[in-house]
Amino acid sequence: MFEAIAVTLCCGIATAPLFAQPIPQAIANPNAWPAQAAPIKPDPAMERRIDALIARMSLEQKVGQVIQADVGSVTPQDVRRYHLGSVLNGGNSTPTGKYNAPAGEWLKAADAFYAASMAPDGNLPRIPIIWGSDAVHGHNNIVGATLFPHNIGLGAARDPELMRRIGEVTAIEMRTTGLDWTFAPTLAIVRDDRWGRTYEGFGETPEIATSYAAPLIEGLQGRIGDKDWLRGPHIIATAKHFLGDGGTTGGKDQGDTRIAENGLRDLFSPPYLPAIKAGVQSIMVSFSSWNGAKMHGNGSLLNGVVKGRWNFDGFLVGDWNGHGQVEGCTVTNCVPSIVAGLDMYMAPDSWKGLYKSTLAAARDGKLPMDRLEDAVRRILRVKMRAGLFEAGKPSSRPYAGEFQQLGSPEHRAIAREAVRKSLVLLKNADRILPLDPRANILVAGDGADSMTKQTGGWTLSWQGTGTKRSDFPNAQTIWEGIAQEVDASGGHATLSPDGSYSTKPDVAIVVFGENPYAEFQGDRADVGYDDERSLKLLRSLQADGIPTVSVFLSGRPMWANPFLNASRAFVAAWLPGSEGGGVADLLFGKAQFTGKLPYSWPKASDQTALNIGDKGYDPLFAYGFGLTTNEPGDLATLPEDRASPAQADDNILFGSGRFGNGRQLLIGAPGALATNPGPTLITVERTDRNAQEDSLRLRWTGAARAAAAIVQEESRDLTRQANGDLALELDLKVNAAPTAAVSLSMNCGEQCTNGVPLQTALTAIKKTDQWARIAIPLSCFAEAGVDLSHVDQPLMLTTNGQLDISLSSVRIAPPSGTQLSCH
Ligand code: BGC
Ligand code: BGC
């Protein structure tokens, strides 16, 4: 079916109608886009060298070159055998399988993959591999690295020159571990703050990203024409995710951006022009769609605009199995993507099947040879420009193994400066800030001494969760930064996360905010911030006559009126990274607040797509707002009524990998449940069902009686739901049948005798080896003696024996699955 198409490399308009499917508005007219000349003149000697290589390469090598596999699913032997052109480490992949693999292991693995790519193989030419990694706020996969504020905070800094220095530091820290290429910067323009990647964008308008793209890319890559461009202290950068990633309807990750062509062009594409001009060598194609057609298949934009109109001569890399979402494709078979202009598939775990099908398509001509060779040429060009053919093994390259560079004092000083520039002061009643560091200061809130909350997603793990303080040797929590400055000034600071105190403090700094998340796991139904615990804390301090200074950690602007009312001062601190001291610098007046909002701040929790320039624009704080401590910062009391949260949400106790508002999973001995008591009784792992990590795998070891429970902050009255015949519904798979009785209950204490027996049902499900849905009428729990008027543990599974299940959803709903009886 593809032979009939004329593949034009410059302007794939001819290919588009076939692959973009019959949605006419999803086909761009490249001539309507601004033209840009290539920033680098073609180098005839290099092109001849590439010609010579391509002439000697086997077909297998050409196909391998355009495939990138994840280090969690590929070995150096595989790289050698399948001639793979690239590897990446996804957010959860490391060379050892442990999230906190030491830097030395990364370098060792880089050497091993390089060696595999260079090992002699008959007469075939040797092509060095390149390793890509998400160094998106510093080299954030590595223990000890300098962690910069996420892009949302950098956007508030409005300081392009600072981006250059951040790029330089990130590149050097990557170099220490032998990695070649970062999947950054993200140039998304974020239009709906429900999106789980809002914090990865610099702002809601093209202006900030457009002013940052070139300096950041030059910081990472060096300057075109300089001797150390892409080498020495530099690495290769990626502009991502092309195009319209931040414009999807409802802020849905991997969603659909519905907009006319001129809107797509004028709103979302501007930062790509300076990025390409500054020499960015790769562009990552977005998971998302434009007017219903997946970007990974859109020839009019990939071939037509990027390569044709903008003369981009680097390569287009796909996103994590993103090609598999194109109509007519699977993750292991997708010729349309490469025909549309993709040059390198990101095929983390699907690489082998994809290699086979792509090879077959190249053999029988379904994949036109000139397109395949063009993709290979582009990849080889970048590798040559980066000097990889001559660089030798990664550990022999500049900065390799210099692990003292990771989180060095010089690097951290730049991160601290970035923190100082990124915080936005929203309220400062009675000019309470700056604080006197000689005072008696209470430091409260669950974010005060939490590396995970201040660093956010994409930090040692994909979601930024599951880490411990000792994983951050070169870092300071906000509390630690405050304590240091207060101690040095002769004041007195006390850490008290729950806000209790013995001597009444002069002032309380309360640090709270969102828990870490990444990608679709961060998508929300609205932008209301719900956190009863922190609100109570602020209010009780206020009632005791203690002035409160709120430091709010979040990946997006959020409706937080009750919190603003309960605070004398309120600072939007975003996700500041490793340098808590930078927060202290501002609170104590060692530096002035200069940060300006990169996103409009909502007046209501349902103002989710609030952007400057909107008709009837009515924010609480406008784009660009930010106080200094030299001006009055009082704020009238704000209305506190929250627009009702999407109703369904409250009934989803666990779904799409998330626990709804204020819920969490606790495990352990009944009566002593904890977030992470160690693996003795139960182990918990994330696992995949329909999407990455959308499910949980729970394994009871059988060592002693143990329970797993979903616990919510605020108890709920479920009597109405029980009367309405609703059920507790679970989607689950049984990996190993229970060896003893299992009880399912709600609100169960130490004895936990009021449960519904599950052993028989689970054993039956195990026999099918399929995902199953079971529904337990809420009335069963009432019958068993559970008080449904105050439910704070809506699910608790307890057994003395062994059991291994995967759980993808828990909700309160009209029963749709197999209904269990109460006994
Ligand atoms: C993300 C990219 C990232 C890639 C590799 C994808 O899911 O969308 O931003 O670079 O994974 O980790
Ligand atoms: C990977 C991420 C990737 C994501 C895509 C995760 O398993 O670790 O790097 O971005 O999947 O959905």
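Only this structure's heavy atoms are used, side chains among them; waters, hydrogens and symmetry mates stay out.
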| remark: From the list Asp245, Asn321, Thr248, Asp319, side chain to side chain contact (heavy atoms under 4.5 Å, CB included) with Phe287 holds only for Asp319
| request: Using a strict 4.0 Å threshold on nitrogen-to-oxygen distance, state whether Asp134 and Lys240 make a salt bridge. | output: yes
| query | Can you say whether the rings of His323 and His296 are parallel (under 30°), tilted (30 to 60°) or perpendicular (over 60°)? | reply | tilted
| Between atom CG of Leu187 and atom OG1 of Thr238, what is the distance when rounded to the nearest 0.5 Å? | 10.0 Å
| Between atom NE2 of His150 and atom OH of Tyr199, what is the distance when rounded to the nearest 0.5 Å? | 5.0 Å
| said: So that I can tick it off, tell me whether Glu168 and Arg165 are bridged by a salt bridge, with the cut-off set at under 4.0 angstrom between side-chain N and carboxylate O. | reply: no
| In terms of the angle between their ring planes, are Trp310 and Tyr272 parallel, tilted or perpendicular, with boundaries placed at 30° and 60°? | parallel
| Over all atoms of both residues, closest heavy-atom pair of Trp229 and Gly279 | CZ2-O, 3.6 Å
| Check ion pair Asp374-Arg371 (N to O, under 4.0 angstrom) | yes
| Salt bridge between Arg363 and Glu60, side-chain N to carboxylate O under 4.0 Å? | yes
| query | Would Phe520 and Trp462 count as a close aromatic pair, with their ring centres under 6.0 Å? | reply | yes
| message | Any salt bridge linking Lys294 with Glu327? Criterion: basic side-chain nitrogen under 4.0 Å from a carboxylate oxygen. | response | no
